[in-house]
Amino acid sequence: MRDAATMSFHLLRPLWLLALIPLAVVFAVLLRRQDVRAQWGGVIAPHLLTHLIVRPEQGRYVNPVYLVAAGMMLGIIGLSGPTWRRELPPFVEDKAPLMIALAVGSSMNETDVAPSRLERAKQKIRDLLAARAGARTGLVAFAGTAHLVMPPTDDRSVIEPFLAALGPGVMPADGKNVASAVTLAADALAAEPVPGTVLLVADDLGTADAATVRQAAGRNGLVIFAVSPDTSALPAGADVIRVSIDGADIVRLERRIETRFQAAQGDAFGTQWRDEGYWLLPPLALLSLLWFRRGTTVAWILALFIVTHASASRAEEPSRFTNLWLTPDQQGRLAFDRGDYAAAKTTFADPMWRGISAYRAYDFLAAAEEFSRVDTLDGKFALGNAQAQNHAYEKALRTYDEVLKAQPGNAAAKTNRAIVQAALDAREAKRRKQEQDDPAPPDEKADEMRVDPNQKGGKKVTVTPQDVTTAGAAEAWMRRVQTSPADFLKLKFAIQAAAPTQGRAPQ
């Protein structure tokens, strides 16, 4: 369920409700003027007036005063800006970052949850990955030690083979080192611009207490996904979701994760609420149909209102008629709100909104071109984002530097610059490593490739205890290994567990 902070109903512009007071006064005055008794009561004696009033027979009649009052009341409420959900800033991702900490100890092989606790947990994780397609998700495996399987990535296909390979047999030691797993997951989320969520998938917390586990999550939210039918071992009052046979648990998980993320975005970027006043337009339009009855006066301003919104609904294909009532920016906003960013980027006249639309349409080259025409700090920040998405890291760094020079306290620019600098450093390190690992022989052209016809499959590499204690030997093995995901994880975890500071349970 979404929390009250995210879904609370309120008005963006509540002062507009003051307009209901003069409306009520005018409505009462008009009704009094239409009352025959009120008009002639001071002139004709009441006992005579009763016999002088003639009421002709007529069918059902809708008083235009009621129509006008109802229409104006709906319009005033719409202008007051009713809202109950948040709106994301243009350059903030609409999916929450998530790190999954999966227990793979021996207790997860219990079959009280078919086919087993571990296999059911894997199935649910796959369902969650499918429901969060495009969102950044990472994976940590833990038993007696905790190990990073995959850092946050938006490509779920790279997670699935390693998820399938996880089991008690690949872990260096059995147990339930929950605190280390949550700490490792929180460290992986440290580079995210806003806090994410740590999803602990386990049958119980082992010897850890709830306060320690929550503290280990740091700034991130913590949700416990219980894959055991007995949840009595879990802390009372904790944010626990129990596994179900249908997809209800995945729906609850996704909503809980998104709710926490939206609250974090409100703290980091400022709370923005979506104006829902447009929902009052359909009843207002239906109400206006009654004004076309014979004998009912239609105000020209209301007729213009109906024509304008009728043309706006056909803004998918701008025409001369639409241009009479809507500016290019208004037409672009309609397309943008529908999610048709490709049409919006060609419709907007404002270069900033053209750039935002192109950015949302993943046309980062066009976005950068439009943002370069906006001579403001917001435009430069957006330009840096588009350049970073184009992998033009050097240009993006220079653009962020310009923003920080003018506004040193810009936290978003600092965060994005750090991410781009890390990406640039990683790319350069990868290039240098490739040059070191694959130097072209002096007598061989750089574009030639030779294959050993006697080599079939990967090389068999034996790792001894002496090898894993030497960092250089471990790194050399990691570069050369070609094996199944299960063997890869087993040896990787063994190397990490042998290191003095990685994967160990607290003493």
Side-chain angles (χ1 to χ4, degrees), residues 12 81 86-95 134 193-194 265 268-275 278 308-309 311-421 423-424:
L12 297 177
R86 297 178 187 270
E87 182 176 26
L88 299 180
F91 292 100
V92 176
E93 297 294 334
D94 58 356
K95 287 291 185 178
V194 295
Q265 286 174 325
F269 298 98
T271 301
Q272 298 185 24
W273 295 89
R274 182 178 301 177
D275 192 337
Y278 66 90
T308 300
H309 285 273
S311 62
S313 65
R314 301 201 309 262
E316 295 181 4
E317 297 181 2
S319 62
R320 279 185 174 181
F321 183 77
T322 306
N323 292 334
L324 289 175
W325 308 105
L326 297 174
T327 67
D329 286 339
Q330 289 173 332
Q331 297 176 40
R333 188 55 193 253
L334 288 173
F336 187 90
D337 291 341
R338 291 197 311 271
D340 189 359
Y341 305 122
K345 72 179 182 180
T346 61
T347 306
F348 274 114
D350 188 324
M352 185 65 180
W353 276 104
R354 289 174 71 95
I356 293 174
S357 302
Y359 192 98
R360 287 293 187 91
Y362 301 103
D363 189 355
F364 302 118
L365 190 61
E369 182 179 353
E370 295 296 336
F371 290 142
S372 64
R373 302 173 183 172
V374 182
D375 190 18
T376 64
L377 285 181
D378 288 340
K380 288 188 179 297
F381 176 72
L383 175 60
N385 292 343
Q387 290 170 336
Q389 292 286 5
N390 279 325
H391 294 181
Y393 297 138
E394 294 88 349
K395 291 183 179 180
L397 290 176
R398 289 195 295 269
T399 304
Y400 289 136
D401 287 339
E402 292 180 15
V403 175
L404 292 173
K405 182 178 179 181
Q407 195 176 63
N410 193 313
K414 289 181 180 179
T415 300
N416 287 11
R417 191 192 187 287
I419 294 173
V420 172
Q421 183 65 60
L424 178 61

*Within the distance-only criterion (no hydrogens, no angle test), does the side chain of N390 pair as donor or acceptor with the backbone N or O of A392 below 3.5 angstrom?*
no
*Any chance the side chains of Y359 and Q389 put a donor and an acceptor closer than 3.5 Å?*
yes
*Indicate the atoms forming the closest heavy-atom contact of G332 with F348, along with that distance.*
C-CZ, 3.3 Å
*side-chain contact (heavy atoms from CB on, under 4.5 Å) between Q421 and Y393: does it pass, once the steps are laid out?*
CA-CA 7 Å; Q421 183 65 60; Y393 297 138; over 6 Å; no
*Name the one of T415, N385, N410 that satisfies side chain to side chain donor-acceptor pair (under 3.5 Å) with Y400?*
N385
*Do R360 and Y341 have a side chain donor and acceptor closer than 3.5 Å?*
yes
*Residue pair A368 / L383: nearest heavy atoms and the distance that separates them*: O-CD1, 3.3 Å
*Which atom names give the shortest non-hydrogen contact between K345 and A358, and what distance separates them?*
CB-N, 3.7 Å
_Among R417, Q387, E394, exactly one meets side chain to side chain donor-acceptor pair (under 3.5 Å) together with T399. Which residue is that?_
Q387
*asked:* Counting only heavy atoms from other residues, nucleotides and ligands, does the tally under 6.0 Å from OH of Y362 exceed 12?
replied: no
*Once the angle between the rings of W353 and F336 is folded into 0 to 90°, is it parallel (under 30°), tilted (30 to 60°) or perpendicular (over 60°)?*
perpendicular
_Gap between atom OG1 of T346 and atom CG of D363 - 0.5 Å precision_ = 11.0 Å
_Nearest atoms (heavy-atom pairs only) where D275 meets G81_ = OD1-CA, 3.5 Å
_Residue pair G384 / A396: nearest heavy atoms and the distance that separates them_ = O-CB, 3.6 Å
*E402 side, atom CD; L397 side, atom CG - distance, nearest 0.5 Å*: 11.5 Å
*Can you tell me how far the CZ atom of F371 sits from the CD1 atom of I356, to the nearest 0.5 Å?*
5.5 Å
*Roughly how far, to the nearest 0.5 Å, is the NZ atom of K380 from the CG atom of D375?*
5.5 Å
_Straight-line distance of R333 CZ to T327 OG1, nearest 0.5 Å_ = 12.0 Å
_Between D337 and Y278, a side-chain donor and acceptor under 3.5 Å_ = no
*asked:* Which heavy atom of G355 sits nearest to which heavy atom of A367, and what is that distance?
replied: O-CB, 3.5 Å
*asked:* Is the shortest side-chain heavy-atom distance between D401 and K405 below 4.5 Å?
replied: no
*Could you give the distance from CD (E370) to CG (L365), rounded to the nearest 0.5 Å?*
11.0 Å
